Amino acid sequence: MRPAGMARRSGRREPLPTVSQFRTQVTRAARRLPGLRVPNKPRGVAGVYDVTDDWTPVYDRTELAGFYVAIGTSGNQFKNAPLVGRLMTTLIHGVEGGHDHDRSALTHTCEHTGQTIDLGAFSRRRRPTASTGTVLG
């Protein structure tokens, strides 16, 4: 815990919890979950934020045959889960059907609009995009 609440690591400012923030979050959790046992002092890992460096999720195959991922969404993509499922279906059917997605990215055609989405934009091998470093992109 850092009293100032902020630290510099990897050239970027990253928030670290303060004792005050810890108490606030513990109080909120205890009110919502009365049976939750709460520690008296801050310690350990409080949570993990699933996000890529450029805040663009990865929807792709992995080096392990038959293993696919939809990761790095920071939670903000939850509302897009139905579309992500369709993107992953297109990806999996294409790759398992013999398409080399790394060489030539697949596209998904949206059923209601007819618009196409280049799945290469979500490739694990894509070049990171310019980003604000926040969920706002």
Side-chain angles (χ1 to χ4, degrees):
M1 293 288 167
R2 291 180 117 37
M6 298 294 282
R8 261 185 111 54
R9 293 190 302 224
S10 307
R12 291 174 44 185
R13 290 182 64 83
E14 298 180 22
L16 291 177
T18 63
V19 172
S20 175
Q21 289 170 320
F22 168 80
R23 289 185 182 134
T24 299
Q25 292 303 103
V26 164
T27 299
R28 289 177 180 164
R31 286 181 180 156
R32 289 179 177 93
L33 307 165
L36 182 66
R37 293 185 52 178
V38 179
N40 292 324
K41 63 181 184 175
R43 64 177 176 220
V45 176
V48 179
Y49 210 64
D50 174 35
V51 67
T52 61
D53 289 342
D54 65 357
W55 289 72
T56 300
V58 174
Y59 308 137
D60 204 354
R61 69 179 193 84
T62 66
E63 299 298 324
L64 182 61
F67 190 75
Y68 297 82
V69 293
I71 58 174
T73 64
S74 80
N76 77 337
Q77 292 292 311
F78 181 78
K79 60 191 169 287
N80 295 328
L83 176 60
V84 172
R86 290 181 179 106
L87 298 180
M88 293 301 293
T89 298
T90 297
L91 176 71
I92 293 167
H93 285 173
V95 172
E96 295 298 316
H99 185 88
D100 185 351
H101 178 62
D102 289 336
R103 186 174 300 238
S104 172
L106 289 157
T107 59
H108 173 80
T109 302
C110 298
E111 64 184 284
H112 298 292
T113 65
Q115 298 291 320
T116 58
I117 299 173
D118 177 4
L119 299 185
F122 304 103
S123 169
R124 71 196 186 289
R125 294 185 173 182
R126 75 183 186 284
R127 179 171 287 181
T129 60
S131 171
T132 63
T134 71
V135 73
L136 302 176

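Just so it is clear, the model here is predicted, and its values are computed rather than measured. We're numbering straight along the sequence, starting at 1.
- Under a hydrophobic-cluster definition in which Ile, Leu, Val, Met, Phe, Trp and Tyr are linked whenever side-chain heavy atoms come within less than 4.5 Å, directly or via other members, Ile92 and Tyr59 are assigned to the same cluster.
- A pairwise comparison of heavy atoms in Ala70 and Val84 identifies CB-CG1, 4.1 Å as the closest pair.
- Shortest non-hydrogen contact noted between Gly94 and Leu106 is CA-CD1, 4.1 Å.
- Under a 4.5 Å side-chain heavy-atom cut-off, the cluster of Ile, Leu, Val, Met, Phe, Trp and Tyr residues that includes Phe78 has no other member.
- Closest of all the heavy-atom pairs between Ser123 and Val58 is C-CG1, 4.4 Å.
- At distances below 3.5 Å, not a single donor-acceptor pair connects side-chain atoms of His108 with backbone N or O atoms of Leu91.
- Between Asp118 and Ala105 the shortest heavy-atom distance is OD1-CB, 3.4 Å.
- In terms of heavy-atom proximity, Met88 sits nearest to Val69 at CE-O, 3.3 Å.
- No donor-acceptor pair under 3.5 Å is formed between the side chain of Ser104 and the backbone N or O of Asp100.
- Among Thr62, Asp60, Val95, the single residue meeting the side-chain contact (heavy atoms from CB on, under 4.5 Å) criterion with Tyr68 is Val95.
- Residues Leu33 and Phe22 fall within the same hydrophobic cluster, defined by Ile, Leu, Val, Met, Phe, Trp and Tyr side chains chained together at heavy-atom separations under 4.5 Å.
- A distance of 11.5 Å separates OG1 of Thr90 from NE2 of His99, quoted to the nearest 0.5 Å.
- Closest approach of Ile117 and Cys110 over heavy atoms only: CD1-SG, 3.7 Å.
- Here the OG1-NZ distance, from Thr73 to Lys79, works out to 9.5 Å after rounding to the nearest 0.5 Å.
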